[in-house]
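Shown next, in C-alpha cells, is the structure this report addresses.
Chain letters run A, B, ... following the sequence lines, proteins first, then strands; residues in each count from 1.
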Amino acid sequence: MPEIIEKTLSYAESVNAALSRALEERPETLLFGEDVAIPGGVFGVTKGLRRKFGERVFDTPISESAILGGAVGSAMFGRRPIVEIMWADFALVAFDQIVNQAANVRYVSRGALAAPLTVRTQQGNAPGACAQHSQSLEALFAHIPGIRVCMPTTNQDAYDLLLSAIWSDDPTIVIENRTLYHGAKQPVRIGGPVQAVGGVGLRRSGSDLTVVTWGAMQHRVLAAAERAAAEGIDAEVIDARWIRPLDLDSILASVQRTGRLLVVHEAHTTGGVGAEVVSRVVESGVQLTSPPVRIGALETRIPAAVQLAARVLPGDEDILGAIRRVAHDVPAGRVEAMPAGAR
Amino acid sequence: MSQDTLLASLEVMHRIRETEETISRLRLSEDIVGSVHLCNGQEAIYTGAVRALDLGRDAVFPTYRGHGWAIACGVPPEAVLAELLGRASGISGGRGGSAYFTAPGYGMYGENSIVGAGAPIACGAALAGRFDGSGRVALASFGEGAMNQGAVHEAMNFAAAMTLPVIFLVENNTYSELTPTRDVVRNDQFFRRASAYGMAGVRFDGNDPDAVRDAVADAVERCRNGAGPVLLEAMTQRIVGHYIGDVQHYRPAGELDAAIAAEPIARAERMARAAGVGDTELAALRQRVVDEVDRAAQAALSAPLADPATVEEHVYA
Ligand SMILES: Cc1ncc(C[n+]2csc(CCOP(=O)(O)OP(=O)(O)O)c2C)c(N)n1
Ligand SMILES: [Mg+2]
C-alpha cells in the first residue's frame, strides 16, 4: 500500500490518480473504451495512462455491447477490467451486458465465477445538452441485484469510490458527472487503504431536517441549505454516495434526530432512488414530524434550451421551497402561496 | 453536368457552410451553449443526396451532425439557428438543440445523438412504406464509426432479409470522434461489408455533389424497383473539429491542409471557373447566401425564447 500523500487535484485528476494507482498496483486491471487511450478521453480524464501502462489501456470501436461484454468475459477469466461508457445514456444500447449478463455471473455459477468489473460513466444535464445526453439513470442500475452503484461528487470521493469499485469483486457502476471534471481543485489524499464499498458522506450537520441527496445536485442542495440557515432552518445534508448498497443505518440515525426527511435528486421523481429512500425510512418506523418529501426532475423529457431545462430540473428555489415545506410542515402546494414572513 | 446544376449545388453548399460558420460564431460568443457538431467539409453529401430523393414521400434519418442535412432538405437557416438559440421559433421549439432536432415537415426525421440509432428506425419507415403504398425510400445516414454499432448491423440484416427500400449512407470522414476509425477496424473499406448482408455496396467521392447524386439516384431506383437495401460509402473529411473547441491534435501533419484543399465548396468553385463562370458571379452567389444567413441570424436572435411553461407538453398523447 502506498503511503498517503496529499495533492491538490481537480475531479478529473482525482479519477486519473485512482486509475493510475489501480493500473500500477493491480496488474490484472485493463482500461478500455471509446477514445480513452491515445486521445486520453473526451473529457481528458484518462490522459497519460496509455503512455504509462501500454497495451492494458486501449481504444475501442463505438461498440458498447462489445465493451461491456468484453468486460464481463475478461473479468470471468481473471482480469479486472475498468471500462468507460462515455455517457450513461449510451449504456442503454448495451444494457443486456449489465443486467442479464454481469449481474448473473456469480449467481448462476454459484460463486465459481465472478465479474469484478468497473464501469465508469457520467451522466446528468449540462447547458445545451439534448434529451439523449442529459438523463440521470442511477435508478435503472440500482434496481438490479448483483450490481453495485456509486456516485462520487467530491474530488476525494472521485478517487476513493473509484478505487473501492475496482477493488470490489462485484460488477460496479461508478457514475461521474462531466460538470464536475474540471471544477475547482481540492486537496485529495492519495494512497492509503482502499475502503470497502458503502457508506454516506456527511456534507453539512444540522438538527432541523435531514436532506438526503447525491451527485452534482448536492451543490445546489448545500447552497439552498445555507440560505435556509439564514432563515433559521438548520438542515443536515447527507450525500448517499453509494446508491447500492444504500447505507440506510446512517440515514436513519440522522432522521431519528431531526424527525424530518427531504430527498433531492436530479433524476426523475417517479421510480427514482428517492422513492426507495423514503420507503425505507417510513418502513423503519422512525417517528417523522412532517411527511417526507422528494424532489427530482419534472415528468418530461429533458430539453436542450437552457431556460427549458432549468424548469425541468430541481433548481435552487425548488430545493429551498422544499426545505421550508418539510421544516415547517407546510402542506404540499402551499409554499408559494404563503407570504414570505410566514414561511 | 450542366452549369445550372453545379451552381444550384454550390448555392446549397454555401447555405450550409454559412449557417455552420454563423453557428460557430454564436457558439464562441456563447449565445449558443453546449456541444455543437459542425459538418464543414461534408456539405456535398447532403446536397447531392437530397437531389436524388423525393422528400414528399422519402425519409431521411441523419445524426447529431445534422444541420447540413436539415438545410439541404429545405429547412430555413433561421429555424435551425433559432433551435440552437433556444427560441420558440426553432425547428423543434428548443427541445432538440444542435444535436437532436427534427423536421418531419421537410422529410428530415430527426437528428439522433445515439450513434447508429437511426438505422433501425429507417428500416421501420421503409417497412411502413410497404403497407401505405407510398413507395417510400428511407435513407439512414451516419458516420463510418457507427458501422461498429450493433444496431447498425441488425438494421442492415433486417433490411436485407426483408428486401426493404433502405439506403444506408456512410459519411466516411475517417474519424470516430478523436480516434482514427482505421485503428478500430481490420478493414476500413466499409462498402465491402455490404456483400456479407447480400446488399449492393458502393464507395465514391463524397466531396462531389454529382457523384453523390448519381450514387443515391441508383440506390433509389434499386429500392423503388424492389431490389432491397443499398450501402453507400461517401468518402469525405470534416475540415473542423468533431465538436466546436476540438483542437484536433490527433490529426497527422498536413492532413487538415489536404482536406481543406479538397473540400467541396472550393472544389465546386474550381469546376465552375473551368466551365467559364466568372469570379464576380461566384462571389455574388456566395454574397447572396451570406446576406440571407445574416438576416436569418438577426431574426433568430430577436425571436422570443421558448417558454418554460410549456416544458411538460407533448410527453403523452
Ligand atoms: C451509442 C453511442 N456511443 C457513443 C457516442 C458518443 N459519440 C458521439 S459521436 C461519436 C463518433 C461517431 O463517429 P462517426 O460515426 O464516424 O460519425 P462522425 O462523428 O465522424 O460524423 C461518438 C463515439 C454516442 N453518441 N452514442
Ligand atoms: Mg466519422
Side-chain angles (χ1 to χ4, degrees), chain A residues 32-44 46-47 50 58-69 86-87 89-94 96-97 125-135 178-179 268 297-313 315, chain B residues 27 30 32-36 64 83-88 90 92-101 111-117 142-153 176-181 183-185 242-243 246 249-250 305-316:
Chain A
F32 55 99
E34 295 157 20
D35 295 321
V36 301
I38 293 168
V42 287
F43 304 108
T46 49
K47 246 191 259 167
R50 163 74 177 203
F58 58 93
D59 293 310
T60 67
I62 311 172
S63 306
E64 283 78 7
S65 289
I67 294 168
L68 290 169
M86 205 182 284
W87 254 259
D89 312 70
F90 311 159
L92 299 178
V93 306
D96 177 67
Q97 291 296 338
N125 183 248
C130 77
Q132 298 168 328
H133 278 63
S134 289
Q135 300 170 96
R178 65 192 174 286
T179 67
H268 289 109
L298 292 183
E299 301 294 323
T300 183
R301 309 303 305 167
I302 301 175
V306 175
Q307 78 278 10
L308 301 183
R311 173 65 64 95
V312 172
L313 303 173
Chain B
R27 177 66 188 83
E30 298 198 1
I32 291 170
V33 296
S35 191
V36 174
Y64 44 85
E83 180 63 27
L84 274 65
L85 288 162
R87 310 291 154 154
S92 294
R95 270 64 180 167
S98 168
Y100 190 43
F101 65 71
E111 294 188 292
N112 208 310
S113 278
I114 299 299
V115 165
F142 41 80
E144 81 296 342
M147 288 293 280
N148 302 321
Q149 187 63 223
V152 173
H153 288 281
S176 298
E177 291 200 328
L178 323 179
T179 296
T181 306
D183 291 356
V184 291
V185 291
H242 172 70
Y243 51 86
D246 169 12
H249 54 70
Y250 46 81
L305 288 171
D307 179 1
T310 62
V311 292
E312 286 169 292
E313 293 176 356
H314 307 301
V315 178
Y316 292 108

Ser65(A) versus chain B, heavy atoms under 4.5 Å apart: side chain, backbone, both or neither? neither

Reported OH-to-CZ distance for the pair Tyr100(B) and Arg301(A), which is rounded to 0.5 angstrom: 7.5 Å

Is there a side-chain contact between Leu178(B) and Val42(A) (heavy atoms, below 4.5 Å)? yes

Enter the distance from Ile114(B):CD1 to Trp87(A):CH2 here, rounded to the nearest 0.5 Å. 10.0 Å

Heavy-atom contact with chain A under 4.5 Å, split by part of Ala151(B): neither

Only pairs of heavy atoms separated by less than 4.5 Å count here; which of Thr179(B), Val315(B), Asp183(B), Asp246(B) has the most with chain A? Thr179(B)

For Val184(B), which atoms come within 4.5 Å of any heavy atom of chain A: side chain, backbone, both, or neither? both

Can you tell which part of Val115(B) gets under 4.5 Å to a heavy atom of chain A, answering side chain, backbone, both or neither? side chain

I'd like to know which of His314(B), Arg95(B), His242(B) tops the heavy-atom pair count under 4.5 Å against chain A. Arg95(B)

Derivation of the side-chain contact (heavy atoms from CB on, under 4.5 Å) call for Gln132(A) and Asn112(B): CA-CA 8 Å; Gln132(A) 298 168 328; Asn112(B) 208 310; 3.2 Å; yes

Atom CZ in Phe142(B), atom CD1 in Ile62(A): separation rounded to 0.5 Å? 11.5 Å

Glu34(A) portion near chain B, given a 4.5 angstrom heavy-atom threshold: neither

Evaluate the side-chain proximity of Val185(B) to Pro61(A): yes if any heavy-atom separation is below 4.5 Å, no if none is. no

If I compare all heavy atoms of Gly86(B) with all of Ala305(A), which pair ends up nearest, and what's the gap? CA-CB, 3.7 Å

Please report the shortest heavy-atom distance between Cys130(A) and Ser113(B), naming the atom on each side. SG-OG, 3.5 Å

Side chains of Leu298(A) and Glu312(B), heavy atoms from C-beta outward: is any pair under 4.5 Å? yes

Could you look at Asp307(B) and say if it's the side chain, the backbone, both or neither that has a heavy atom under 4.5 Å from chain A? backbone

Looking at Gly97(B), Gly34(B), Ala309(B), Pro308(B), which makes the most heavy-atom pairs under 4.5 Å with chain A? Pro308(B)

How long is the straight-line distance from CD of Glu313(B) back to OG1 of Thr300(A), given to the nearest 0.5 Å? 9.5 Å

Please report the closest heavy-atom contact between Pro303(A) and Val311(B), naming both atoms and the distance. CG-CG1, 4.5 Å

Note: vs chain A, highest number of non-hydrogen pairs under 4.5 angstrom among Ala99(B), Gly145(B), Ala117(B) is Gly145(B)

